[in-house]
Amino acid sequence: MATLSTLQQADIQHFIHPFTDSKTLGEKGTRIIERAEGVYLWDIEGRKLLDGMAGLWCVNVGYGRQSIVDAVSKQMQQLPYYNSFFQCTHPPAIELAKTIAELAPAHMNCVFFTGSGSESNDTNLRMVRRYWDLKGQPTKKTIISRDNAYHGSTVAGASLGGMSGMHKQGDLPIPGIVHIAQPYWYGEGGDLTPEAFGLQAAQALEAKILELGEENVAAFIAEPFQGAGGVIIPPSTYWPEIKRILAKYDVLLILDEVISGFGRTGCWFAAEYFDLKPDLISIAKGMTSGYVPMGGVIIADRIAEVIKNQCGEFTHGYTYSGHPVAAAAALENIRIIVQEKLVEKVATETAPYFQSRLQQLAEHPLVGEVRGIGLVAAIELVKDKSLRQRFNSDIGVGTWCRDLCIEHGLVMRSVGDTMIISPPLTISLAQVDELIEKAIKALNDTYAKCMVYK
Ligand SMILES: *Cc1c(COP(=O)(O)O)cnc(C)c1O
């Protein structure tokens with residue numbers, strides 16, 4: 001059996017990790033996660049951790065689901081792979097498309113399958129441009145996105161995203177994608193009320209459409225709430241104003257629900273939660289609870305009709321579009337969510353309890369704001385609560401807090417000095433208590449460590 005240090009050495013020598021500074025990783029050594037059950041992870045040294053991030057926002061039904069293992073294993077025996085190109089198809093992909101159409105908003109009844117969230121957004125880019133060509137409006141090509149959005153890491157995904165650190169590497173964004181301000185009141189709202197700031201951020205969309213000319217704008221892409229950007233939940237005025245603007249101009253709405261889909265907000269899709277009528281919805285992550293990679297785009301009827309009837313061959317797709325094993329995992333994952341009434345349970349029980357317990361953390365001297373919806377939340381760590389003043393970013397207070405969470409047996413992620421929580425939807429009320437208690441211990445320790453900078 002490989003020992004911890006030989007595994008760590010091989011990891012550093014051969015494995016380039018995503019979104020990682022390999023040099024500092026090598027200095028610190030990596031944490032090797034070996035197994036998981038329910039909402040808990042165990043690392044190779046036997047340390048038990050409550051997974052407050054559901055992996056990477058994806059393990060909605062929790063770990064250790066034997067029925068998904070069985071469904072996948074059965075599908076592998078029967079048909080491990082076949083494509084859906086060239087007039088072929090297979091039962092799991094058909095059944096999954098039908099199932100998702102039933103769960104999706106009523107005006108959306110078709111699915112294009114991909115292998116990931118990034119690929120879903122690449123698909124969106126090509127599909128909306130093709131749509132406008134077919135509608136006889138070939139100049140409608142530009143997609144408007146937002147600063148600090150996350151739409152994946154492929155060339156189109158990273159370009160659609162608004163992460164400046166990503167744009168710097170690889171000469172992005174590609175042409176035809178522009179960004180407007182994000183609705184991040186706590187970070188950028190200044191003296192405005194959240195409501196006034198929300199309106200202002202939404203009106204940046206109208207200003208951008210007018211600047212570019214409506215005849216040149218294909219779509220607006222947005223996460224219902226920004227995930228990787230720091231769980232940024234728009235002020236209550238934001239989405240209604242965006243809706244007003246989208247109704248006024250002929251601009252499509254691409255809603256990136258890679259995190260928010262499949263129950264995170266207490267609705268199947270956040271489109272319901274925010275009362276939106278998207279033209280395309282990107283899905284991945286919770287679609288299979290991460291057991292097997294899969295993504296997709298849910299397509300509104302008005303787009304699907306054009307792509308189906310007027311496009312000829314839509315020259316787009318992936319070898320693994322609708323992969324039968326992934327589709328089997330997704331179907332069983334959805335069956336579990338339905339059978340255990342996880343969406344209803346999040347809406348009526350877990351989320352109200354989780355959000356009210358989290359509000360207690362707002363009293364903590366290190367915490368500037370706690371915000372959340374459903375089973376997702378952010379905790380802003382600040383130097384001065386009343387001034388909304390942050391610590392110098394060089395200190396890395398968020399990273400300290402993340403590491404101290406681990407010391408106390410909790411996985412929380414940090415985005416700068418914003419702590420992020422997004423646990424499996426199966427978390428029990430007692431486990432919510434455990435999460436909060438561990439978070440308080442980590443906040444206390446972080447606060448003690450920060451005193452010298454106060
Ligand atoms: C994770 C994520 C993606 C990218 O998904 P991958 O499967 O990593 O390609 C896209 N959009 C959002 C909102 C995400 O959170």
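Ligands are counted one by one from 1 in listed order, and the atoms in each one are counted from 1 as well.
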**Request:** Anything with a heavy atom under 4.0 Å from ligand 1 counts, so go ahead and list those protein residues by chain and number.
**Result:**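 Within 4.0 Å of ligand 1, the protein residues are S116, G117, S118, N121, Y150, H151, G152, E223, D256, V258, I259, K285.
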**Asked** Ion pair present between D275 and K243, side-chain N to carboxylate O less than 4.0 angstrom?
**Response** yes
**Message:** For the CZ atom on F314, are there more than 12 heavy atoms of other groups (residues, nucleotides or ligands in this structure) within a distance under 6.0 Å?
**Reply:** yes
**Message:** Is there a side-chain contact (heavy atoms from CB on, under 4.5 Å) between D250 and W132? Walk through the geometry before answering.
**Reply:** CA-CA 10 Å; D250 211 1; W132 287 118; 3.7 Å; yes
**Item:** Test applied, side-chain hydrogen bond (donor to acceptor under 3.5 Å, both in side chains); reference residue, Q182; option that passes from R146, E223, E188
**Value:** E188
**Chi angles and distances behind the side-chain contact (heavy atoms from CB on, under 4.5 Å) call for I143, L125** = CA-CA 8 Å; I143 299 179; L125 179 104; 3.5 Å; yes
**salt bridge (charged side-chain N to carboxylate O under 4.0 Å, His left out): pairs with one or both residues in residues 102-120, sequence neighbours excluded** =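 Output for this query lists K98-E102.
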